[in-house]
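These values consider heavy atoms only, across backbone and side chains, with no hydrogens, waters or symmetry-generated copies. Throughout, numbering of the chain's residues begins at 1 and tracks the sequence.
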Amino acid sequence: MQKKIDAHSELIFSGFSIDKNQQTELYKALILPRLIEEKMLILLRQGKISKWFSGIGQEAIAVGVTLALHSDEYILPMHRNLGVFTGRNIPLYRLFAQWQGKEAGFTKGRDRSFHFGTQEFNIVGMISHLGPQLGVADGIALANILKKNNKVTAVFTGEGGTSEGDFHEALNVAAVWDLPVLFCIENNGYGLSTPTHEQFRCEYLADKGIGYGMESHIIDGNNILEVYSKVAELAESIRKHPRPVLLEFITFRMRGHEEASGTKYVPQELMDQWALKDPVTNYEKYLLQQKILSESEIEAITSEFKHEIDVHLEKAYGLPAITASAENELNDVYKPFDFIEKKPVGPVKNIRLIDAVSEGLRQSMERFDNLVIMGQDVAEYGGVFKITEGFVNQFGKERVRNTPICESAIVSAGMGLSINGYKAVVEMQFADFVSSGFNPIVNYLAKSHYRWAQHADVVVRMPCGAGVGAGPFHSQTNEAWFTHTPGLKVVYPAFPYDAKGLLATAIEDPNPVLFFEHKALYRSIYQDVPEDYYTLPFGKASRLKEGNQLTLVTYGAGVHWALEVLGAHSEISTDLIDLRTLQPLDTTTVFESVKKTGKVLILQEDSLFGGVASDLSALITENCFEYLDAPVKRVASLETPIPFSTVLEQQYLAKSRLAAALQELVRY
Ligand SMILES: Cc1ncc(C[n+]2csc(CCOP(=O)(O)OP(=O)(O)O)c2C)c(N)n1
């Protein structure tokens, strides 16, 4: 029977087998974040820092967990976990520089407060969306399992964050894969202004562990000795027997959500009760009672820390402010990648696009033994398109992983693998389902290198496209969702040769790549493809036809529509350009051609507004205006969802309007 922990339960510090020196060390670690915060609150009032999320009253959790782990084990803290950062002994001036947006911080002024990670200290900070980091912890832990290094990963969430789908997905994945993760919920009573009874209906969040088949514990989060000893014991046990454990730390948020928002919605009575359970003052009282520390020793520790804080603050103030340089900003969006083209040698084989993707993937798995494939039904079943058929036999189930149906956690796990030295290929069963993994792609993978120089070595494979009578949710080509987001690369091959070489490059490239594979081309397009491994450069379009009346630019299935229509209209002399990659985009080849022909038609399978054709059209207008003999023409699919019935789908698709548009443009 679990003891009841709330504002009234007593903090009992006796009975833990922690020696006196260690108890003193814990005190020092506990009081440092409190003293820093007290200073920050003064600076905030003086307008010297922008925003502050207070962890006052919750320090025992971050400090206890951090000190219970080994320093080379990853911790993923939240916005109230200053004790994780101080517990890892990050020089204070660097933290202050981070909060002042200075170069010596961790994000070059690009992100605020605790939104950063540091490999140097094995800390991976949150993104604002709270939940995704739980799945990132899964990926980090998976890498530890693959390395067989017996390490634990600890990840934090507030009780409010447990309402997010990411929480459920991450715990479920960790349970199914036996990942050594400590999921630490800090239940501090409120998610912004929302009390726990408006957030969830179970008595204890730890009870949710039962639903995941996961061990769970409730811990008094205001008792540093309880937190430290319980977590140390569990961590040791998890190192020996890898498994996830759910911990609910009961505590209280003694200040507002952030300093400007106040606490009017919190009953004063509750505030008063919890003030009596302050984790720092109570522990101090116990140490004095036990004569482990004297008043004067506490005084000495406190004044030494205060001095250290002042010295480091002065140092941070003395550091230069960031100067804005667009070049620096743009240079840090992607991790530099020294692409070396591996030219194909040896015999070729006539294969389908689907075979080329499969072969490219297999050869990358052979080449990179740190590459992991994750996706629904990708293991024994071979994926719904059979691209990974036979992979389990060759590479084993550790590296070819069936996942539960949880795109968000798996994309996040890909991020975690990358943080811990692995490469990931995530197969979306259909590109349409990427919407369920959208958040970690556009907010985590895409922004991570820019924010704190952490690359995301993840390829998301996207079987996409219409023309197969599959209706609104199995036919979309949603590349424009991603070409809009800085930090992502987007590849869209139309031929087997390109698919194999570009996939190899995507996997070599340490940046996140969305790799689109058109389902209608999978089994219909054949080509002679080198049997050996080779790579192709990103950002190089190919010119498939030479002509002088107009330029037709397209990609994916559009390329084959164009070839078919142009084949039936040989009277139209056309430069046909297949873009091959959309980010980076080869504008040089496009502009050269447009300058020669003076007319351009851009064809895309996606519906018109906000698509790749629109931006390309704008670029051509801006860069080739004087050369144009006609307005830039865009041909795209109808502005409707994609219908299922064949007649409706044919009408929907841009292909049905291509010939007429071409003839009109020639006549212009
Ligand atoms: C996806 C998302 N929704 C909403 C928010 C706004 N928000 C930031 S923190 C927060 C409360 C979080 O509560 P909890 O998880 O309990 O953590 P606590 O702040 O209490 O430590 C909210 C609603 C957000 N950052 N991200």
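Between H168 and Y212, the angle of the ring planes lies from 30° to 60°, which puts this pair in the tilted group.
Here the closest heavy-atom approach between residue N370 and residue Y422 is recorded as O-CD2, 3.0 Å. The minimum heavy-atom distance between M214 and L171, with the atom names listed, is CE-O, 3.3 Å. Heavy-atom minimum distance, F156 versus Q133: O-NE2, 3.0 Å.
With respect to L585, the side chain to side chain contact (heavy atoms under 4.5 Å, CB included) criterion is satisfied by exactly one of L616, V590, T483: L616. With R112 as the fixed residue, the side chain to side chain contact (heavy atoms under 4.5 Å, CB included) test singles out one of K51, Q98, Q100: K51. A ring pair (Phe, Tyr, Trp, His ring centres under 6.0 Å) with F85 is found for exactly one of F116, F121, F96, namely F116. Considering V459, V425, L361 as possible partners of F515, the one that fulfils the side chain to side chain contact (heavy atoms under 4.5 Å, CB included) test is V459.
Remark: F473 CZ is loosely packed, at most 12 non-hydrogen atoms of other residues, nucleotides or ligands lying under 6.0 Å away.
Applying the side chain to side chain contact (heavy atoms under 4.5 Å, CB included) criterion to I405, with sequence neighbours excluded, gives Q376, E407.
A centroid separation of less than 6.0 Å is found between the aromatic rings of H257 and F53. The distance between the ring centers of F438 and F482 falls below 6.0 angstrom.
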Could you tabulate the donor-acceptor pairs under 3.5 Å formed by side-chain atoms of residues 60-72, not counting sequence neighbours?
residue : atom : partner : partner atom : Å
T66     : OG1  : A62     : O            : 2.6
D72     : OD2  : K151    : NZ           : 2.8

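Ionic pairing of E517 and R461 is present here: one or more N-O contacts between side-chain nitrogen and carboxylate oxygen are shorter than 4.0 angstrom. A salt bridge does not link D178 to R243: none of the charged side-chain nitrogens sits closer than 4.0 Å to a carboxylate oxygen. A salt bridge links R94 and E120; the closest N-O separation between the charged side-chain nitrogens and carboxylate oxygens is under 4.0 Å. For the pair E329 and R110, the salt-bridge criterion is met [side-chain N within less than 4.0 Å of a carboxylate O]. Note on K540 versus D586: no salt bridge recorded, every NZ/NE/NH1/NH2 to OD/OE distance being 4.0 Å or above. A salt bridge does not link R362 with E366: none of the charged nitrogens is closer than 4.0 Å to a carboxylate oxygen. A salt bridge between E59 and R80 is absent, with no side-chain N of the basic residue lying under 4.0 Å from a carboxylate O of the acidic one.
For the atom pair OG1 of T403 and CD of Q429, the computed distance is 8.5 Å after rounding to the nearest 0.5 Å. Taken to the nearest 0.5 Å, the CG atom of N439 stands 6.5 Å off from the CG atom of D166.
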Next on the checklist: Set out, in order, the CA-CA distance, both residues' side-chain angles and the distance that settles ring-ring contact (aromatic ring centres under 6.0 Å, His included) for F430 and H474, then state yes or no.
Outcome noted: CA-CA 6 Å; F430 287 84; H474 289 76; 4.5 Å; yes
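A cation-pi arrangement is absent between K342 and Y534 under the rule of less than 6.0 angstrom and at most 45 degrees off the ring axis.
Residue pairs satisfying the salt bridge (Lys or Arg N to Asp or Glu O under 4.0 Å) criterion with at least one member in residues 125-137, sequence neighbours excluded, are absent.
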